[in-house]
Amino acid sequence: MTYKYFAYFLSAFLVIFAVLFGWIYSIYRREKELLDEYRRLSSED
Amino acid sequence: MMESFYSKAGNRIMAIAISVLWLVVLYLVLAVTRIDPDQQMAQKIFYYHVPSAWTAGIAFLAVAVSGGFYLFTQNEKWDHLGLASAELGTLFCALVLITGPIWAKPIWGEPWSWEPRLTTVLIMFLIYIGYFLLRQFGEIGERTRRVSAVIGIAAFVNVPIIYVSVKFWSAEAQLHPQPGMSQQPADVYWTFILSLITFTLLFVHLLRNRLHLLKLQSQMSRMRDDI
Amino acid sequence: MLSIENVSKRFGAAAVLNGASMRVGHSESVGLVGKNGSGKSTLLRIVSRILFCDGGSIDWDGQSLLGSDVTLRRSLLYLGHEPGFYPALSASENLHYLADLYGVERSSALIAEKLEEVGLDSFRKGPIRNYSRGMLQRLLLAKALMLQWSLLLMDEPTTGLDSDGMELLSALIASWRKEGRSLLIISHDNAWISAHVDRMYVLEEGKIKSREGGMSAPHHSDLVTAV
Amino acid sequence: MMLRVLLRKEILLEMRSREILVSMITFGAAVVLLYAFSFRPSPEILRQFAPGLLWTVVLFVSVLALHRSHSLEKEFDAFSLTLSAPVDRSTLFLSKWFGNFLMLLISQVILLPLFFLFLQLPFPSMPGAFIGLLILVDLGISSAGSLLSGAVMRARVNEFLLPLLLFPMVTPLMISAVKSTAAVMESQPFSQWKLWLQLIVSFIIVFGLVGYLIYDHVCEE
C-alpha cells in the first residue's frame, strides 16, 4: 500500500484548513475590536 | 448586552463538536476509506472538494432567498443573512476552485480544464466578486442593500442556465467524475455523508458567527451616531 | 387629505427622518421649513415615491401612496428642487412627454399657451440644457399649469427667479389657493413662505414640529432660529 | 399605451443627442479595426474565431448603451419626472429594455457589415437565421443589462461596476450565441443548434421576468 499523491492531498487539506481558520480568526479579530471600542465608549459615559 | 460570540456556551459546544467531527472525518479519510488504485491519495480530496461545493450551493440559495425576503420586508436582518451567506458562499467557492485544480493536476495532467462544473463555479465566483464590489463602492445604505438583494436573486436564477450552457459548450471536456453516491461501498458512502454533515454544520456555525458580528457592527454604528 | 405618519429614512448611518408626521388638508396651503439638510426635500421625494422610506405610512384620502397602485399619483404633482426635465429635449418636447405620462390633452397650441403664461414662449425650441435656473423654475410652473392635480408639492420654488418670476409665482399660488387646491411648500425664505401658507411645520432632527400661523405668523423669532 | 409613451421618449432623447449611437458605432468600429489588425492569419482560422469576435464586439458596445440609458436620467434629476408620474415601474423596465434593444440593433446594422468587410468574412449563408439569432441575443443582453444598469446607476463607480456584473451574468448567453452563430455560419441543420436557441430564449424569459418583477425595487431617485 503506497501513499502516492499524498502531497496533493495534504496541500488541498492544508489550504482548506488555513482558509477556514483564517476566516474564523478574522471574524474573531473584528469582533474583539468592536467589543473593545464598546467597552471604551460605555466606560466614558 | 454586547457580548462575544463564544461567550454563549451553546456556541462553544458547537465549535467543539464540529472540531471533533472534523477530526473523525480526517481519520476516516486517511485510515479507513479504501484507496483508489489509480488516483490513490489524490482521490481523497473528493471528501473535502464536494462538500465545499455543496456548502457554496446552499449559501448561494440562502443569498437569493434572503434577498427576496429583504425586498418584501425591508428588514435589516434579511440583508445581514444575505451578506453573510454571500461571503461564506464565495469562501467555499474559492475552496472548490483551489482543491479542484490540486486534484486535477496529477489526474488530468493539467490543473485547469474548461470542465462544466468548474466553469459554473468560476462564473458564480466572478458574479459574487461583483456583488462585493457593489457593496464596497455603493454607498452604505438601504439602496445598496436593495440592489445587492436583486443581484443575489438574479445570480441564482441564472445558475441552471449557466450550468446547461457550459455543459454543452465543452461537451468533449467532460472529464469530471460523476459518482453515483448510492452505489458506493459503505466506507466511502458514510465517510462522504459524515463530511457533508460536518461541512453543513460548519457553514451554519460560521454563518451565525458572522451574523453576530454584523449585529454588533450595526449596534455599534447606532451607538456612534448617538454620541 | 395627505397624511404622513411616522416616516423614517436613513442614509447610511445618518437618520435623516426619524418618525416625521404631518397632514395637509383639502384646500389647505401648508409650509415646511427647516435647516439645510434637515430632510425637507427627502420627505417630499418620499411622498412623490421617488425615494423609498424605511418605515411609516403615507396616505392620500385614506389610501396608501406607497403601494404599487399608481393611479392615485395623478392627484399629486411634484415640483422638485432640481429641474426634473430632460436637458436634451426642448421645453415643448418635455411638456409633451409630461402630458402623455399623465394622460392629459397635449396639443401644441395648449403647450405654447402654457409656456407663454410663464414667459418662456420665445424659448420653446432648443434644448433646455442652456436654460438659466430661473427659466427652469418657470418651466416647472408650466408643468403645474399643464396638469390636473389636487395637491402640489413644491421644493424651493423661488430658486433663481427674478422679480417678475416671483410675482408670477405668487399670483399662481394665490389663484390655486382660491381654487381650493392643496399646496405643500418647502422654502428657506420665511418671509416669503409665511405670506403664502395657512399653516407651517418645522422639521427638526428628523421630526416635525407644528407652528400655527402663516399670514399672521407671530413666531418670527422662533422661525429664524429654526432656519 | 404607457409603454409607447416611454419608448417614444427614449427614442426622442437619442434623436436629439445621438450620443449613444455615435459612441457605440465609433467604439465598435475601432474594436473591429483592432481585430482586423491583430488577427491576420489564414482566412480559415479567422472564420473559426469569427463568432467569438463578433459577440465580444457586440457585448463591449452594448455596455455603452446600457450604462448611458440610466446615467442620462441623472442629469437635471430627470428621472424624478418619470418616477413621480403615475407610471408602473414594470412598464418603465420594459421601456428601458426595448429602448436598449433598439440601440443595439441599430448600431449593429452599421457595425455588422463593417465586421464582415474588414475581417474579410463571407456573410452567413443563412441570413434569416443569423438575423433572427441576432435579435434574440440582443433581447437577452438588453434584458439583463437594463436590470443591472438600473441597479448600479446610483453607485459611485457604476461605469465599471456594470461590465463587472454584466459579463459573468451573460456568459451563458454569450456561449449560446457563439455556438449557434458558428453553427449558422457553417450552415448546420437546425437540430444541431436547437439547444442553444432554447438556452437563449430561456435566458430572455428569466431575465425579462426577473426585471419585470423586481425593477420596482431597483429604481429609486
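Values below: all heavy atoms of this structure, side chains included; hydrogens, waters and symmetry mates excluded. To find a chain, count down the sequence lines: A is the first, B the second, and so on, and within it residues start at 1.
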> So, do B:Leu95 and A:Leu20 sit near enough that their side-chain heavy atoms are less than 4.5 Å apart?
Replying inline: yes
> Using non-hydrogen atoms only, which part of A:Leu34 is less than 4.5 Å away from chain B: side chain, backbone, both, or neither?
Replying inline: both
> Does OH belonging to B:Tyr27 count more than 12 external heavy atoms closer than 6.0 Å?
Replying inline: no
> How far does CG of B:Leu216 sit from CD of A:Glu33, to the nearest 0.5 angstrom?
Replying inline: 12.5 Å
> Is it the side chain or the backbone of B:Leu30 that comes within 4.5 Å of chain A heavy atoms, both, or neither?
Replying inline: both
>> So for B:Gln43, is it side chain, backbone, both, or neither that comes closer than 4.5 Å to the heavy atoms of chain A?
In response: neither
> Using non-hydrogen atoms only, which part of B:Phe5 is less than 4.5 Å away from chain A: side chain, backbone, both, or neither?
Replying inline: both
Indicate every side-chain donor-acceptor pair of residues 50-59 of chain B with a distance under 3.5 Å to a residue at least two apart or in another chain.
| unit_1 | atom_1 | unit_2 | atom_2 | d |
| --- | --- | --- | --- | --- |
| B:Ser52 | OG | B:Tyr48 | O | 2.7 |
| B:Trp54 | NE1 | B:Thr200 | OG1 | 3.0 |
| B:Thr55 | OG1 | B:Pro51 | O | 2.7 |

> Can you tell which of B:Ile107, B:Ile45, B:Thr99 has the highest number of heavy-atom pairs within less than 4.5 Å of chain A?
Replying inline: B:Ile45
> Where do B:Pro106 and A:Tyr5 come nearest, in terms of heavy atoms and distance?
Replying inline: CB-CE2, 3.4 Å
> Of the backbone (N, CA, C, O) and the side chain (C-beta and beyond), which part of A:Leu10 lies under 4.5 Å from a heavy atom of chain B, both, or neither?
Replying inline: neither
>> One pair to check against side-chain contact (heavy atoms from CB on, under 4.5 Å): B:Asn209 and A:Glu31. What are the steps and the verdict?
In response: CA-CA 10 Å; B:Asn209 193 352; A:Glu31 188 185 82; 4.3 Å; yes
> Is the closest side-chain heavy-atom distance between B:Val29 and A:Phe13 below 4.5 Å?
Replying inline: no
>> Are B:Arg210 and A:Trp23 packed together at the side-chain level, in the sense that at least one heavy-atom pair is separated by less than 4.5 angstrom?
In response: yes
> At what distance, to the nearest 0.5 angstrom, does CE of B:Met41 lie from OH of A:Tyr8?
Replying inline: 14.0 Å
> When rounded to the nearest 0.5 angstrom, what is the spacing between CZ in A:Arg30 and CG in B:Leu214?
Replying inline: 8.0 Å
> Checking heavy atoms, do the side chain of A:Tyr28, its backbone, both or neither come under 4.5 Å from chain B?
Replying inline: neither
>> So for B:Ile98, is it side chain, backbone, both, or neither that comes closer than 4.5 Å to the heavy atoms of chain A?
In response: side chain
> Does B:Trp112 CH2 have over 12 foreign heavy atoms under 6.0 Å away?
Replying inline: yes
